Visitor: 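Handing you this structure, nothing more for now.
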Amino acid sequence: QVEVVESGGGMVQAGGSLRLSCAASGRFLTIFDMGWYRQPPGQQRELVATIGIDGRTHYADFVRGRFTISRDNFDNTVALQMNSLEPDDTAIYYCNANVKPTLGVRRADYWGQGTQVTVSS
């Protein structure tokens, strides 16, 4: 079983910074992509950033160089440093890990419970 747990959300004023952290734990062979998604109020969940096992990154256009995703393959953790936050960044942020649990079992996505980020103007 794989568990994904986020931390680091909170409330900040526009222009401020927050750092989100996420740890995957349990029994598994390999974690492939890890990433962050968010769901703004009344909207669908959307991709924020992903990072592959090789460190290759992908960012949503709205990040515009403000966010940085990083990963520690030894600790199975992923972080999202968010700078120059804007009120439109207000959302529940979810961590995702694409995991191969064991031989003979397909890769699957595992999600954390989410952490609230609120940016006030």
Side-chain angles (χ1 to χ4, degrees):
Q1 188 170 353
V2 179
E3 185 177 26
V4 176
V5 178
E6 306 102 336
S7 62
M11 183 178 294
V12 66
Q13 289 188 329
S17 299
L18 282 174
R19 182 177 178 85
L20 305 182
S21 297
C22 171
S25 61
R27 295 177 62 88
F28 48 82
L29 284 181
T30 305
I31 301 177
F32 292 93
D33 287 356
M34 300 186 80
W36 291 93
Y37 293 71
R38 72 184 189 184
Q39 186 165 14
Q43 299 183 39
Q44 292 186 334
R45 192 175 298 188
E46 59 187 3
L47 180 146
V48 177
T50 61
I51 184 166
I53 194 170
D54 58 358
R56 193 171 302 181
T57 59
H58 171 74
Y59 293 95
D61 289 343
F62 60 75
V63 168
R64 299 193 302 274
R66 301 179 297 132
F67 298 176
T68 302
I69 190 170
S70 60
R71 173 175 179 166
D72 185 328
N73 289 333
F74 182 78
D75 290 335
N76 298 315
T77 58
V78 62
L80 185 70
Q81 177 66 41
M82 303 186 293
N83 300 326
S84 302
L85 283 161
E86 305 167 353
D88 284 348
D89 294 317
T90 295
I92 300 174
Y93 283 71
Y94 295 91
C95 179
N96 171 271
N98 185 256
V99 178
K100 184 168 180 63
T102 187
L103 291 174
V105 178
R106 291 182 180 178
R107 291 163 57 171
D109 285 320
Y110 292 83
W111 295 88
Q113 292 297 308
T115 184
Q116 177 70 45
V117 171
T118 302
V119 184
S120 60
S121 57

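The residues of the chain are indexed from 1 along the displayed sequence. Treat the numbers as computed from the prediction; the structure is a model and nothing was measured.
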Visitor: At their closest point, which heavy atom of A14 faces which heavy atom of S121, and how far apart are they?
Guide: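 Minimum heavy-atom separation between A14 and S121: CB-CA, 4.3 Å.
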Visitor: Could you list all the side-chain hydrogen bond (donor to acceptor under 3.5 Å, both in side chains) pairs where at least one residue sits in residues 50-61, not counting sequence neighbours?
Guide: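 Sorted pair list comes back empty.
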Visitor: Any chance you could lay out the side chain to side chain contact (heavy atoms under 4.5 Å, CB included) test for L20 and M82, step after step, and finish with the verdict?
Guide: CA-CA 8 Å; L20 305 182; M82 303 186 293; 3.8 Å; yes
Visitor: Supply the atom-to-atom distance T68 OG1 to L80 CG, rounded to the nearest 0.5 angstrom.
Guide: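 Interatomic distance, T68 OG1 to L80 CG, rounded to 0.5 Å: 8.0 Å.
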Visitor: Any side-chain to backbone donor/acceptor pair from E6 onto Q113? Under 3.5 Å, distance only.
Guide: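 Yes.
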Visitor: Before giving the answer on side chain to side chain contact (heavy atoms under 4.5 Å, CB included), spell out for I53 and M34 the whole-Å C-alpha distance, their side-chain angles and the decisive distance to 0.1 Å.
Guide: CA-CA 8 Å; I53 194 170; M34 300 186 80; over 6 Å; no
Visitor: Nearest 0.5 Å, what's the OG1-CZ distance between T30 and R107?
Guide: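 One finds 9.0 Å between OG1 of T30 and CZ of R107.
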Visitor: Should F67 and L85 be marked as a side chain to side chain contact (heavy atoms under 4.5 Å, CB included) after you check the CA-CA gap, both sets of side-chain angles, and the distance that decides it?
Guide: CA-CA 9 Å; F67 298 176; L85 283 161; 3.9 Å; yes
Visitor: Can you name the side-chain hydrogen bond (donor to acceptor under 3.5 Å, both in side chains) partners of R66, sequence neighbours left out?
Guide: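 D89.
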Visitor: Quick one: closest heavy-atom pair of D33 and G52, and the distance?
Guide: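 Here D33 and G52 meet closest at OD1-CA, 3.3 Å.
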Visitor: Looking only at atom types and distance, does a side-chain atom of K100 sit under 3.5 Å from a main-chain N or O of V105, one as donor and one as acceptor?
Guide: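 Pair found, side chain donor or acceptor close to backbone of V105.
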Visitor: Going only through I, L, V, M, F, W and Y residues with side-chain contacts under 4.5 Å, is there a path from Y93 to W111?
Guide: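 No, Y93 does not connect to W111 through the hydrophobic network.
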Visitor: Going by the rule side chain to side chain contact (heavy atoms under 4.5 Å, CB included), which residues pair with R19 if we only count those two or more places apart in sequence or in a different chain?
Guide: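 Testing R19 for side chain to side chain contact (heavy atoms under 4.5 Å, CB included), a comparison that skips the adjacent residues, returns S70, A79, Q81.
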Visitor: Looking only at heavy atoms, what is the nearest atom pair of G10 and L18, with distance?
Guide: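 Result for this residue pair: O-CD1, 3.9 Å.
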Visitor: With hydrophobic residues grouped by side-chain heavy-atom distances under 4.5 Å, do Y94 and W36 end up in a single group?
Guide: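 Each belongs to a different hydrophobic cluster.
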Visitor: Give me the atom names and distance for the closest heavy-atom approach of C95 to V4.
Guide: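 For C95 and V4, the tightest heavy-atom pair comes out as SG-CG1, 3.7 Å.
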Visitor: Could you work out, with side chain to side chain contact (heavy atoms under 4.5 Å, CB included) as the rule, every residue matching S25, not counting sequence neighbours?
Guide: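 By the side chain to side chain contact (heavy atoms under 4.5 Å, CB included) rule, S25 matches E3.
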Visitor: List the residues meeting side chain to side chain contact (heavy atoms under 4.5 Å, CB included) with S120, not counting sequence neighbours, and say none if there are none.
Guide: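 So S120 forms a side chain to side chain contact (heavy atoms under 4.5 Å, CB included) with Q13.
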Visitor: Flag yes if I51 and V2 sit in one hydrophobic cluster, no otherwise; membership is Ile, Leu, Val, Met, Phe, Trp, Tyr, and two members link when side-chain heavy atoms are under 4.5 Å apart.
Guide: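 Looking at the clustering, V2 is in the same group as I51.
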Visitor: Around R64, counting heavy atoms of other residues, nucleotides and ligands shown, do more than 12 lie under 6.0 Å from its CZ?
Guide: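 Yes, the 6.0 Å shell around CZ holds more than 12 heavy atoms from other groups.
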Visitor: Flag yes if V117 and I69 sit in one hydrophobic cluster, no otherwise; membership is Ile, Leu, Val, Met, Phe, Trp, Tyr, and two members link when side-chain heavy atoms are under 4.5 Å apart.
Guide: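 The answer is yes; both residues are in one hydrophobic cluster.
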Visitor: Name all residues meeting the side chain to side chain contact (heavy atoms under 4.5 Å, CB included) criterion together with P40; count only those two or more places apart in sequence or in a different chain, and write none if there are none.
Guide: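 With sequence neighbours excluded, P40 shows a side chain to side chain contact (heavy atoms under 4.5 Å, CB included) to R38, Q43, E46, A91, given in chain and number order.
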Visitor: Could you state whether L47 and V78 fall into the same hydrophobic cluster, counting links through intermediate Ile, Leu, Val, Met, Phe, Trp or Tyr residues with side-chain heavy atoms under 4.5 angstrom apart?
Guide: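 L47 does not cluster with V78.
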Visitor: Go through it in stages, so that I can follow the logic: the residues are N76 and F28, the test is side chain to side chain contact (heavy atoms under 4.5 Å, CB included), and I'd like the CA-CA distance, side-chain angles, deciding distance and then a yes or no.
Guide: CA-CA 11 Å; N76 298 315; F28 48 82; 3.5 Å; yes
